[in-house]
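Down below is the structure, laid out as C-alpha cells.
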Amino acid sequence: MTDGFRPKSDFLRALTERGFVHQCTDAAALDAAAAGGLVAYVGFDCTAPSLHVGSLVPIMTLAWLQRTGGKPIALMGDGTTRVGDPSGKDETRKILSLDAIEANKAGIRKVFSRFLDFADGPTGALMPGNAEWLAPLNYIDFLRDVGRHFSVNRMLAMDSVKLRIERDQEMSFLEFNYMCLQAYDFVELHRRHGCTLQMGGSDQWGNIINGVDLGRRMDGAKLHALTTPLLTTASGAKMGKTAAGAVWLDATMLAPFDYWQYWRNVEDADVGRFLKLFTFLPMDEIARLVALGGAEINEAKKALADEATALVHGREEAAKAAAAARRTFEEGAVSADLPSVEIAARELDEGMGALAAFVRAGLCASNGEARRQMKGGGLRINDRAVDDERARVGRADLTAEGVVKLSLGRKRHVLLRPV
RNA sequence: GGGGGAGUGUCCCGAGCGGCAAAGGGGGCGGACUGUAAAUCCGCUGGCUAUGCCUUCGUAGGUUCGAGUCCUACCUCCCCCA
C-alpha cells in the first residue's frame, strides 16, 4: 500500500518502518496531514473486562501518534457493543447488559492509562464512549440525515455481509446497522474533535471506509483510513493464546510473570517483527538485537519481554518478572515473585491431596487432568516429580521462603502461599 | 406448498451393524531432544469421594434388558421441485 512511498511525517514514517501499515487511503495526503497536529482514533468494543495482546497493535498506533505530536482518541464502543459487529463473526455476538459494559469499560480504561497520556493539552488523549451520541439518536432523524447516504447495494457487497449471506447464516437487521453506526462515529469524532483518521485492524477496513465516505457525503470532510496487519506467529497461529487462554493485559487476569513469559517464548522468527511492533526501542537497537544468531537470540527475546512487559505493567513489574524468570529457569531456584495462590494455613497443616493442590493453583482444570498430567510426568512439587496420585502436600513441603512451588511442565509455576 | 439431506465428545472438523465414554484428524497440554526457539518423535486430551458411580451425540417423548443408532413430535440448517 505504501510501496515506494517515503513518508515525511514522523508519525507515518514510524508506523511504516515498524510494520504497522497494512492498507491506507491516500498516503501522501495523510502524510501531509500528519505533519501538523493530526487527530486520530481507534475503536474498541467492550465485550471483555480487559484487552488482550490482539488489541496491542492498534493501541501502539495511538501511542506512536501521541509521541509524534498527534492527538489520540480511544473510542469505547459502549454504544455499539449493544449491537454487535458482524465482521469476522460466524454468528451473532451476544449482547451485553449495561452493567457488564460499564464494568468492562473500567477495566479497559486502566490499560490505556499505561500507553497514553490523558493530560489536558493539544496532544492529550481522549477516551469518549460512543453511547454519548448513539444513545440519544432519534430513529427518524438518523434515517434522514445518515441513512440516506448508505447504499444497501454496496453494503450487501461488503465482505462482512457477503460472507454471512453466502454461508446462509442469519444476519439480523440490528447487526446490519452496525456499520452505519461505526461510520457515524467517525463523523461525530470529526465534528467534535477534528479527528480525520481512523485506524484499526485489517478486518475493519470496510467499516472504516464507510466512515470516510460518510464524512465526505455529510460534511465534505477529507477523512483517512489506515489499517494494521492481522498478526500471526511465524508458524501461522493466531497471536494471543496461551495454555491459560487469552493473553490479557490486566495483571489480575494474567500475572505479569506470565505476560513476560509469553514474550520470552516467541518463536525466533518473530522476534524482530515483534520488537518493532510491541516496543519503543529505536530501530538501530532492534537491528542489533535481531542480528544475534543461534542461542544468542534469547537476549533479544529477553529484551522484547522486558520492554513489552514494562509497557503494560510498568518497569518494576517487568524487572521482577525478569528476575523471577532468571532464578527459576537459569538458577533452578525458587523465586518469591512467581505467581502465587493463597491458601489457608490450616489446610496445609491438615495436608491436602497433591492433585487437588494443582487444581487449586489453577494449573489443572480437574483432578482427572492432574492425574493424567502426573502420569505423563508433568507435575512437580518443589521441583521433584510427583509420581503417586495419593501424594499429599503439607507443612513439611514449605520451602525456606515459606511457600510450596507447584510446576506444570517446564514453564508454568505457581506458588502456594499459606496465610 | 411438495420432496430429499444434515445437526456427534461445551475448541474445531468428523466416523459411528441396537451393547458406546463413542474411530480418526486438527488444535491444545505433557514427555524426550534443544536455546524457556523451531522441526521431529512419544503420551494425554468427559467428571467424581473411582476396580465402581454420574453426565454427554439438536430438543422433548416413545419402543427395548439396553438407544448416538429404531419410532413420533418439535427446533435449526442445507439441497431439489413449485
Side-chain angles (χ1 to χ4, degrees), chain A residues 88-92 94 163-172 232-247 255 257-275 289-306 308-309 321-333 335 337-339 350-381 383-390 392 405-414:
Chain A
K89 297 289 185 302
D90 286 349
E91 43 193 85
T92 305
K94 76 175 172 197
L163 290 175
R164 287 279 284 272
I165 293 176
E166 276 170 5
R167 280 181 285 180
D168 281 293
Q169 282 163 338
E170 187 74 15
M171 175 154 157
S172 70
T232 53
T233 66
S235 44
K238 259 193 191 164
M239 277 198 63
K241 285 284 159 64
T242 69
V247 180
F257 174 80
D258 291 321
Y259 189 79
W260 194 93
Q261 282 296 315
Y262 174 76
W263 295 106
R264 174 63 184 80
N265 285 311
V266 300
E267 299 170 32
D268 288 6
D270 286 326
V271 181
R273 208 157 46 103
F274 289 178
L275 278 166
L289 287 168
V290 173
L292 297 171
E296 296 217 318
I297 193 77
N298 283 328
E299 292 310 310
K301 293 184 186 180
K302 286 177 195 168
L304 171 63
D306 284 345
T309 305
R326 197 177 326 111
R327 285 184 62 74
T328 304
F329 292 101
E330 294 176 20
E331 297 165 22
S335 166
D337 284 326
L338 288 173
E350 292 164 359
M352 63 194 299
L355 299 182
F358 279 89
V359 175
R360 219 20 211 291
L363 289 169
C364 295
S366 66
N367 282 353
E369 189 195 329
R371 184 171 296 108
R372 285 192 293 270
Q373 292 289 15
M374 184 210 77
K375 284 178 183 155
L379 301 189
R380 276 168 299 134
I381 296 174
D383 296 314
R384 274 211 326 279
V386 181
D387 52 11
D388 177 6
E389 63 180 69
R390 277 177 304 248
R392 303 192 68 78
K405 179 180 170 192
L406 304 182
S407 309
L408 170 63
R410 289 267 103 82
K411 297 181 184 173
R412 302 178 58 199
H413 309 277
V414 171

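Model, not experiment: these values are computed from the prediction. Below, chain A is the first sequence line, B the second, and so on; all start at residue 1.
If you measure from atom CG of A:Asp387 to atom P of B:G31, you get 15 Å, rounded to the nearest angstrom. Between the P atom of B:U34 and the CG atom of A:Asn298 lies a distance of 15 Å, rounded to the nearest Å. Here the P atom of nucleotide B:U34 and the CG atom of A:Asn265 are 18 Å apart, to the nearest Å. The CD atom of A:Glu389 sits 15 Å away from the C1' atom of B:G47 (whole-angstrom rounding). As rounded to whole Å, 18 Å separates atom P of B:U36 from atom CZ of A:Arg327. Put simply, NE2 on A:His413 is 11 Å from P on B:G30, counting in whole angstrom units.
B:U59 and B:A67 have their C1' atoms separated by 16 Å, with the value rounded to a whole Å. Across B:C11 and B:G47, the matching P atoms stand 11 Å from one another, rounded to whole Å. When the C1' atom is compared between B:U8 and B:A21, the two are found 13 Å apart, to the nearest whole Å. With P as the reference atom, B:G19 and B:C70 are 12 Å apart, rounded to whole Å. Distance noted for atom C1' between B:A37 and B:G43: 22 Å (whole Å). Rounded to whole Å, the separation between the P atoms of B:G68 and B:U63 comes to 16 Å. Between the C1' atoms of B:U76 and B:G66, the separation comes to 30 Å (whole Å). B:A73 and B:G2 have their P atoms separated by 13 Å, given to the nearest Å.
Below 30°, between 30° and 60°, or above 60°: for A:Phe329 and A:His413 the angle between ring planes is above 60°, a perpendicular geometry.
Checking B:G1 for Watson-Crick or G-U wobble geometry (two distances, each under 3.5 Å) identifies B:C81 as its partner. If you check B:U63 for Watson-Crick or wobble pairing at under 3.5 angstrom, you find it has no partner at all. B:A50 is unpaired under the Watson-Crick or G-U wobble criterion, no partner having all donor-acceptor distances under 3.5 Å. As the counterpart of B:A6, B:U76 is assigned, both hydrogen-bonding distances of the Watson-Crick or G-U wobble pattern falling under 3.5 Å. Pairing of B:U40, defined by two Watson-Crick or G-U wobble distances under 3.5 Å, is identified with B:A32. Base pairing of B:G27 is made with B:U45, judged by Watson-Crick or G-U wobble geometry with both donor-acceptor distances under 3.5 Å.
Base engagement by A:Arg264 is indicated by at least one non-hydrogen atom pair under 4.0 Å involving a base atom. Looking at heavy-atom distances under 4.0 Å, A:Lys375 makes no contact with the nucleic acid at all. Nucleic acid contact for A:Val266: sugar-phosphate only, since backbone atoms but no base atoms lie under 4.0 Å from a heavy atom of the residue. When heavy atoms are screened at a 4.0 angstrom cut-off, A:Leu379 is found touching no nucleic acid atom at all.
Put simply, the residue from A:Asp383, A:Asp337, A:Leu338 that forms a side chain to side chain contact (heavy atoms under 4.5 Å, CB included) with A:Thr328 is A:Leu338.
Residue pairs meeting the side chain to side chain donor-acceptor pair (under 3.5 Å) criterion with at least one member in residues 351-373 of chain A, sequence neighbours excluded, are A:Glu347-A:Arg360, A:Arg371-A:Glu389.
Between the side chain of A:Gln261 and the base of B:U36 there is at least one donor-acceptor pair of N/O atoms closer than 3.5 Å. Taking only distance into account, the side chain of A:Asp268 meets the base of B:G35 through a donor-acceptor pair shorter than 3.5 Å.
The side chain of A:Glu267 has B:A38 as its nearest neighbour among B:G31, B:A38, B:C48.
Comment: A:Lys302 engages A:Glu330 in a salt bridge, judged by a side-chain N to carboxylate O separation of less than 4.0 angstrom.
In this model, the phosphate group of B:G31 is not approached by any side-chain N or O of A:Lys411 to a distance below 4.0 Å at OP1 or OP2. Residue A:Asn367 has a polar side-chain atom (N or O) positioned under 4.0 Å from OP1 or OP2 of B:U49. Within the structure, every side-chain polar atom (N or O) of A:Arg371 is placed at least 4.0 Å from both OP1 and OP2 of B:A50. Under 4.0 angstrom from either OP1 or OP2 of B:G47 there lies at least one side-chain N or O belonging to A:Arg372.
With its glycosidic angle within 90° of 0, B:C20 is assigned syn.
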